[in-house]
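Provided herewith is a single structure, encoded as structure tokens, for subsequent inquiry.
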2 protein chains.
Amino acid sequence: MSTTTTSYSISALAQEFGITTRTIRFYEDKGLLSPERRGQTRIYSPEDRVRLKLILRGKRLGFSLDESREIIDMYDPSKGNVDQLNRLLERIDAKRQQLRQQQRDIEKMLAQLDEATARTRAALKEQTS
Amino acid sequence: MSTTTTSYSISALAQEFGITTRTIRFYEDKGLLSPERRGQTRIYSPEDRVRLKLILRGKRLGFSLDESREIIDMYDPSKGNVDQLNRLLERIDAKRQQLRQQQRDIEKMLAQLDEATARTRAALKEQTS
DNA sequence: GTTGACCTTTACGTTAACGTAAACGTCAAT
DNA sequence: ATTGACGTTTACGTTAACGTAAAGGTCAAC
């Protein structure tokens, strides 16, 4: 059995995702990441990288860091009694509905953009005539 | 020919959309709304209402007010020479791609939530056994 | 041994999107 | 004529999500 342990430096991750190291440290400060340390230096695992990816995905959807943290934590329901697990199921469902709302919003906006394109093309024809 | 002119007070709109009057005035301050006035009092037209709806839709998608303004303005390409109209077409396309990215992000997140639900249900079975 | 490329912490600064309060005007109802 | 419900402006306060130094530590390369 062989195990290959990939790891990343903070600047490597920053470059890959087009963010600054400040941002990554900020996420750690907010409890969204907790990389290991070799001395003072942060060492990021593939799992850390995945978490960062999820954070940035949430960001693209307009989620706050608190929301992203919530969603990430949903993936691991290790802790909790029956009551807490049931509440978790509700929160998951709430997020699902929010995402469905966003889907509807996107559909409408895309339709609006199609309209905008048509109008702009029409305006162009006016100009060129 | 008959014309019915519907209008809204600021508090009526605030209540309908679940926001505060402060927020509506703030949007006006930022140039996103420009209602008529009867004396000092603001009078909102159906078009103003639509604009407000678009702003809030953008907000749900994580857009800044500047972005929402841009999108709203795209709908009316009245002003502009050929060059500006072409640039407008490009910006519209950019927004479209951004929305498509968001669609992909939502798909992945929904899948992630399904996983989370499954895991939570499994954890519940453990507890109940 | 010093330069350069990394890393670190600490801390003050900035922007967006409002919240919150103060102080005031208007107008219908009691 | 005063209360209450609405409207107004002005202005300071707040939070999130970083940006931007400053000051310093490490370590390989020249």
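Values below: all heavy atoms of this structure, side chains included; hydrogens, waters and symmetry mates excluded. Letters go in sequence order (proteins before strands), and every chain restarts at 1. The model shown is predicted, which means the values in this text are computed figures rather than measured ones.
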Legend entry - Cluster check Tyr75(A), Tyr27(A): I/L/V/M/F/W/Y, side chain < 4.5 angstrom: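 In one cluster with Tyr75(A): Tyr27(A), no.
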Legend entry - For atom CG of Asp29(A) and atom P of dT8(C), their distance in whole Å: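 Taking atom P of dT8(C) as the reference, CG of Asp29(A) is at 13 Å.
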Legend entry - Atom-to-atom span, CZ of Phe26(A) to C1' of dT15(D) - whole angstrom: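 It is 10 Å, rounded to the nearest whole Å.
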Inset, instruction - Using a 4.0 Å heavy-atom cut-off across all strands, classify Thr20(A) as base, sugar-phosphate, or nothing. - result: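 Result for Thr20(A) = sugar-phosphate.
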Legend entry - Distance, rounded to the nearest Å, where Arg42(B) contributes CZ and dT26(C) contributes P: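 That distance rounds to 16 Å.
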Legend entry - Lys/Arg cation over aromatic Tyr44(B): Arg49(B), 6.0 Å, 45° cone: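 That pair does not qualify as a cation-pi contact.
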Legend entry - Spacing between Glu28(B) atom CD and dA17(C) atom P, to the nearest angstrom: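 Going from Glu28(B) (CD) to dA17(C) (P), I get 17 Å.
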Inset, instruction - For the side chain of Ser11(A), starting at C-beta, report the closest nucleotide among dC6(C), dG19(D), dC18(C). - result: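 My answer, after comparing the listed nucleotides, is dC6(C).
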Inset, instruction - Would you tell me if any nitrogen or oxygen in the side chain of Ser9(A) comes within less than 4.0 Å of OP1 or OP2 on dC7(C)? - result: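 For dC7(C), OP1 or OP2 has a side-chain N or O of Ser9(A) closer than 4.0 Å.
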Inset, instruction - Compare side-chain N and O positions of Tyr27(A) against OP1 and OP2 of dC18(D) and report whether any pair is under 4.0 Å apart. - result: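 For Tyr27(A), the contact criterion (side-chain N or O under 4.0 Å from OP1 or OP2 of dC18(D)) is met.
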Legend entry - Whole-Å distance separating the CZ atom of Arg25(B) from the P atom of dA16(C):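 For the pair Arg25(B) CZ and dA16(C) P, the rounded distance is 22 Å.
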Inset, instruction - Find the distance Gln40(B):CD to dC6(D):C1' and express it as a whole number of Å. - result: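 It is 14 Å, rounded to the nearest whole Å.
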Legend entry - Rounded distance (Å) that lies between atom P of dA17(C) and atom CZ of Phe63(B):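 Rounding to the nearest Å, CZ of Phe63(B) and P of dA17(C) are 13 Å apart.
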Legend entry - Pair of N/O donor and acceptor under 3.5 Å linking dT20(D) base with Arg22(A) side chain: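 Per atom types, the contact qualifies.
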Per-pair distances, 0.1 Å, donor-acceptor, side chain in residues 55-66 of chain B, under 3.5 Å, sequence neighbours excluded:
| residue | atom | partner | partner atom | Å |
| --- | --- | --- | --- | --- |
| Arg60(B) | NE | Asp105(A) | OD2 | 2.7 |
| Arg60(B) | NH2 | Asp105(A) | OD1 | 2.9 |
| Ser64(B) | OG | Asp66(B) | N | 3.4 |
| Ser64(B) | OG | Glu67(B) | N | 3.2 |
| Asp66(B) | OD1 | Arg69(B) | NH2 | 2.4 |

Inset, instruction - Find the distance Arg37(B):CZ to dT9(D):C1' and express it as a whole number of Å. - result: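 After rounding, the gap between these two atoms is 10 Å.
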Legend entry - Phosphate OP1/OP2 of dC18(D) contacted by Lys30(A) side-chain N/O (<4.0 Å):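 For dC18(D), neither OP1 nor OP2 has a side-chain N or O of Lys30(A) closer than 4.0 Å.
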Inset, instruction - Take Gln97(A) and Arg100(A), measure what side-chain hydrogen bond (donor to acceptor under 3.5 Å, both in side chains) needs, and give me the verdict at the end. - result: CA-CA 5 Å; Gln97(A) 291 188 27; Arg100(A) 295 206 194 290; over 6 Å; no
Legend entry - All side chain to side chain contact (heavy atoms under 4.5 Å, CB included) counterparts of Asp29(A), not counting sequence neighbours: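 With sequence neighbours excluded, Asp29(A) shows a side chain to side chain contact (heavy atoms under 4.5 Å, CB included) to no residue whatsoever.
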